[in-house]
Structure formats: structure tokens, C-alpha cells
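Before any comments, here is the structure.
Just so you know, these numbers use all the heavy atoms, side chains as well, and skip hydrogens, waters and symmetry mates. Positions are given from 1 along the sequence. Keep in mind that what you see is a predicted model, and the values were worked out from it rather than measured.
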Amino acid sequence: MTTSTTSTASTASTASTASTASTASTATTATTAETAKAQSDQTPPDQTPPGKSPSGAATPSGAAGTSVAVGAAAQVRRRRRLSPGRRLPASRLVGPLLFLALWAAASAAGQLDPAAVPAPWTVLETGVRLWTDGTLPTDILTSLRRAGAGFAIGLTAGIALALASGLSRTGEALIDGTVQLNRAIPTLGLIPLFILWLGIGETFKIAIIAIVVYIPIYLNTHAALAGIDTRFVELAEVQGLSRFRFIREIVIPGALPGFFVGLRLGVTGSWLGLVVLEQINATNGLGYLMFQAQNYGQSDVILVGLVVYGIFGLVSDSAVRLIERRVLSWRRTLSS
């Protein structure tokens, strides 16, 4: 009797415990469902929780990461196609070398009159002969001295006038209009007047080259100064920078890109002016050599002079470009 009563009590206790656990499990499940529903209600309709597809099906996180990576890579590939690409070594020599090859091919095929346009090897032989007898080195040194003196004067004048005009309203009123008027007058048209003023010696030649050089340097440097953001000027005023520090830290870095453009034009202009000036009342120089060759119908000597002028122009322009890349290495542009 006692055993039966104990068994009955144990059974009742077990049933009560199971019922309690079942009730608690049911309550927990209901609470979890309500929480999930609340989160689902708070999720915007156009957003999908991480790890799930829009239909509610679970998506592997690795697949989602791979999809994002592929999309980013495709976007990078599309963006790289817009740039000109990596710089090729000695790419600026491709055009001249191609022109030389066409010239040689046309001469070898007999398509060019040797009296008018000699073959490249004929021009090379003439250049070696002129160099050997000492004529070409003397004329080259004379031309370099004239171009160097005129370029130095024009460079100094262009920078000084651009700074005075770009940093002061009074300077701009006095200088800019005069320079624009000078730019409108053909520089080579000033040669007769400069001969009357300065004579037929070296002075007028150097003066004309200086005018040819300073105009592009002034124009481009002045434009770069005018394009400096006024916020940098206001920042310098707030920081209390002196005039010297303002020019060194704000003006010069802001004007350098335009200055180098003007410098390249000025270097080229010095050679263009020289080739004309050395044919006027000159007794030496490359222009004089070409002028004498014209009188005797020596087209090969004329081409030698033109080739030397072209080499000087290409080398000087490449030197300015190299300096520009070094000085402005902080810029990130298409050319860099």
C-alpha cells in the first residue's frame, strides 16, 4: 500500500515537472516569435538583413563577400580605362624617328629631289664635315650665347612683372595693359626700330629675344597667380603670415604650374626668334650659316641648321619638363 502511494506521488511529480517545462518552452517560443516579428516590422522594405536574400532565404556570407569583391574589381577596371595609361619611356622620340624613317624611305625610293630635299645620310655627311672644319661648333656656341642672354633677361623680366601685377592692384593697372599691348604688336616687327635705337650689333638681337621670352612667361604666371583660391589667402591672413612667408608658402606653389607652361613657351620662343635674327646683319651663328647656304643653293647646309635648331628645342623642352615633374611631384595629374 505504501509502495503504491509512493509510485503515484512520483508519477504526479513527474507530470507536473513536464507540464511546467512545456509551458516555459511554449512561452519562450512565443517571445522569440514576437521579437522576430518586431524586428521584421522595423526593417525597411527596401533593405534586406545581412545573410538573407530579398525572398527571405538564407544566403552564405562568403558568396555575398565574393559578389561585392567582384563588383568592386569590375568598377576599378572600368575606372582605369579612362586614364591614358602608364608613361612609355622615350615616347616623345617616336614621332621624330617615324618622320626620319619616312624621309629616308622616300629618299631611297627616289621620290624626293636631292637638290631640294637631300637624303638624311647626305645631311649627316654635311654636318660631320662642317663640324670637322670648325664651322659648326663656332656657330653653335655663338647662337647659344645669344639665346642664353636673351632668355635670362626675358625670364627675369617676366617673373618680376607677373609678381608685381598679380599681387597688387596698382601694379596690375600699370603693367598688365602695357604687356597686353606689347603682345598685340608683332615682336619681329620691332626689329627695324630696335636697329635704329640699339644698332646692328648683338644688343638688339638679345633685346628682341628677351621680349619674345618674357611675354609667355608673364601671361601664364600672371594667370596662375590670378587663379589662386582666395581661401588660401584668407587662411594666410588668419594665421598672420608675413608678406615673405605668404609669397613663399602660398603664391609660389600656386603659380608654379602656370610658370612652367610659360617657361616652355619661352624656351621655344628664344629659338624661333634666334633663327630670324641671325639672318639680319649677322656675321656668325646658325642663322647666318643658313642664310649664306641659301645664297649658294646649299640645301643640305640649311637642313643641318634646321636639325640643330630642332635638337636644341627638343632637348631644352625635355629639360624643362623634367624639372617640372621634379618640382611638382606632389601633384597627381594625367601626365604623372
Side-chain angles (χ1 to χ4, degrees), residues 92-93 95-96 99-100 103 117 123 127 136 138-159 161-162 179-195 197-198 200-223 258-294 299 301-324:
R92 301 187 188 281
L93 297 178
F99 174 78
L100 181 61
W103 179 17
V117 184
V123 175
L136 193 58
T138 303
D139 291 332
I140 288 178
L141 290 177
T142 302
S143 297
L144 286 176
R145 184 173 63 251
R146 289 169 179 161
F151 179 78
I153 296 174
L155 175 63
T156 304
I159 294 176
L161 292 175
V179 175
Q180 299 297 336
L181 179 63
N182 188 6
R183 182 172 70 94
I185 299 175
T187 305
L188 298 181
L190 298 174
I191 291 178
L193 186 61
F194 272 59
I195 290 177
W197 288 349
L198 304 175
I200 60 174
E202 296 294 313
T203 306
F204 100 92
K205 297 181 179 66
I206 294 175
I208 293 295
I209 293 174
I211 293 176
V212 173
V213 170
Y214 99 89
I215 290 178
I217 292 178
Y218 169 85
L219 292 176
N220 288 276
T221 306
H222 182 269
F259 164 74
F260 277 110
V261 174
L263 186 63
R264 291 178 56 196
L265 295 175
V267 168
T268 306
S270 65
W271 296 114
L272 294 177
L274 185 65
V275 72
V276 176
L277 294 170
E278 288 186 334
Q279 298 182 25
I280 302 174
N281 298 321
T283 57
N284 49 23
L286 289 174
Y288 172 77
L289 178 67
M290 296 168 60
F291 181 73
Q292 293 298 322
Q294 174 193 353
S299 57
V301 177
I302 296 176
L303 288 176
V304 168
L306 292 178
V307 169
V308 173
Y309 274 126
I311 292 175
F312 283 164
L314 182 62
V315 171
S316 57
D317 184 75
S318 299
V320 174
R321 283 176 177 269
L322 179 61
I323 297 173
E324 181 182 7

Next item on the list: Without swapping roles, check the side chain of Ser270 against the backbone of Val267 for a donor-acceptor pair under 3.5 Å.
Entry: yes
Check: Between Ile195 and Ile280, is any pair of side-chain heavy atoms under 4.5 Å apart?
Finding: yes
Next item on the list: Quick one: list whatever passes ring-ring contact (aromatic ring centres under 6.0 Å, His included) with Tyr218, sequence neighbours left out.
Entry: His222
Note to self: On a heavy-atom basis, which atom in Ser143 and which in Gly285 lie closest, and how many Å separate them?
What the structure shows: OG-CA, 3.6 Å
Check: Residues in side chain to side chain donor-acceptor pair (under 3.5 Å) with Asp317, at least two apart?
Finding: Arg264, Arg321
Checklist line | Inter-residue atom distance Ile215.CD1 - Leu265.CG, 0.5 Å rounding | finding: 12.0 Å
Notebook entry, point to check: Between CG of Leu155 and OH of Tyr214, what distance do you get to the nearest 0.5 Å?
Noted result: 14.0 Å
Checklist line | Approximate separation, where rounding is to 0.5 Å, of Asn284 CG and Gln292 CD | finding: 11.0 Å
Notebook entry, point to check: For Val117, which residues count as a side chain to side chain contact (heavy atoms under 4.5 Å, CB included) partner, sequence neighbours excluded?
Noted result: Trp103, Leu112
Checklist line | Pairing residues for Trp197 by the ring-ring contact (aromatic ring centres under 6.0 Å, His included) criterion, not counting sequence neighbours | finding: Phe194
Next item on the list: Kindly write out the residues that satisfy side chain to side chain contact (heavy atoms under 4.5 Å, CB included) with Ala149, not counting sequence neighbours, or none if the list is empty.
Entry: Ile206
Check: Taking only residues two or more places apart in sequence or in another chain, which ones pass side chain to side chain donor-acceptor pair (under 3.5 Å) with Arg183?
Finding: Gln180
Margin query: Enumerate the side chain to side chain donor-acceptor pair (under 3.5 Å) contacts for residues 148-158, please, sequence neighbours excluded, ordered by first and then second residue.
Written below: none
Item checked: Pairs meeting criterion salt bridge (charged side-chain N to carboxylate O under 4.0 Å, His left out) with involvement of residues 281-292, two or more places apart -> none
Next item on the list: Return yes if some donor-acceptor pair links the side-chain N/O of Gln279 with the main-chain N/O of Val275 below 3.5 Å, else return no.
Entry: yes
Check: Of all heavy-atom pairs between Ala293 and Ile302, which one has the smallest distance, and what is that distance?
Finding: CB-CG1, 3.8 Å
Checklist line | Spacing of CZ belonging to Phe151 relative to CG belonging to Leu274, to within rounding of 0.5 Å | finding: 13.5 Å
Item checked: Distance (rounded to the nearest 0.5 Å) between Thr221 OG1 and Phe260 CZ -> 10.0 Å
Next item on the list: Could you tell me which residues satisfy side chain to side chain contact (heavy atoms under 4.5 Å, CB included) with Ala210, sequence neighbours excluded, listed by chain and number?
Entry: Ile153
For a quick test of your reading: what N or O donor-acceptor pairs under 3.5 Å do the side chains of residues 305-316 make, sequence neighbours left out?
unit_1: Tyr309; atom_1: OH; unit_2: Glu278; atom_2: OE1; d: 2.9
unit_1: Tyr309; atom_1: OH; unit_2: Gly287; atom_2: N; d: 3.2
unit_1: Ser316; atom_1: OG; unit_2: Phe312; atom_2: O; d: 2.8
unit_1: Ser316; atom_1: OG; unit_2: Gly313; atom_2: O; d: 3.0

Next item on the list: Output all residues satisfying side chain to side chain donor-acceptor pair (under 3.5 Å) with Glu202, sequence neighbours left out; order by chain, then residue number.
Entry: Arg146
Notebook entry, point to check: Just how far is it from atom OG1 of Thr142 to atom CG of Leu286, taken to the nearest 0.5 Å?
Noted result: 8.5 Å
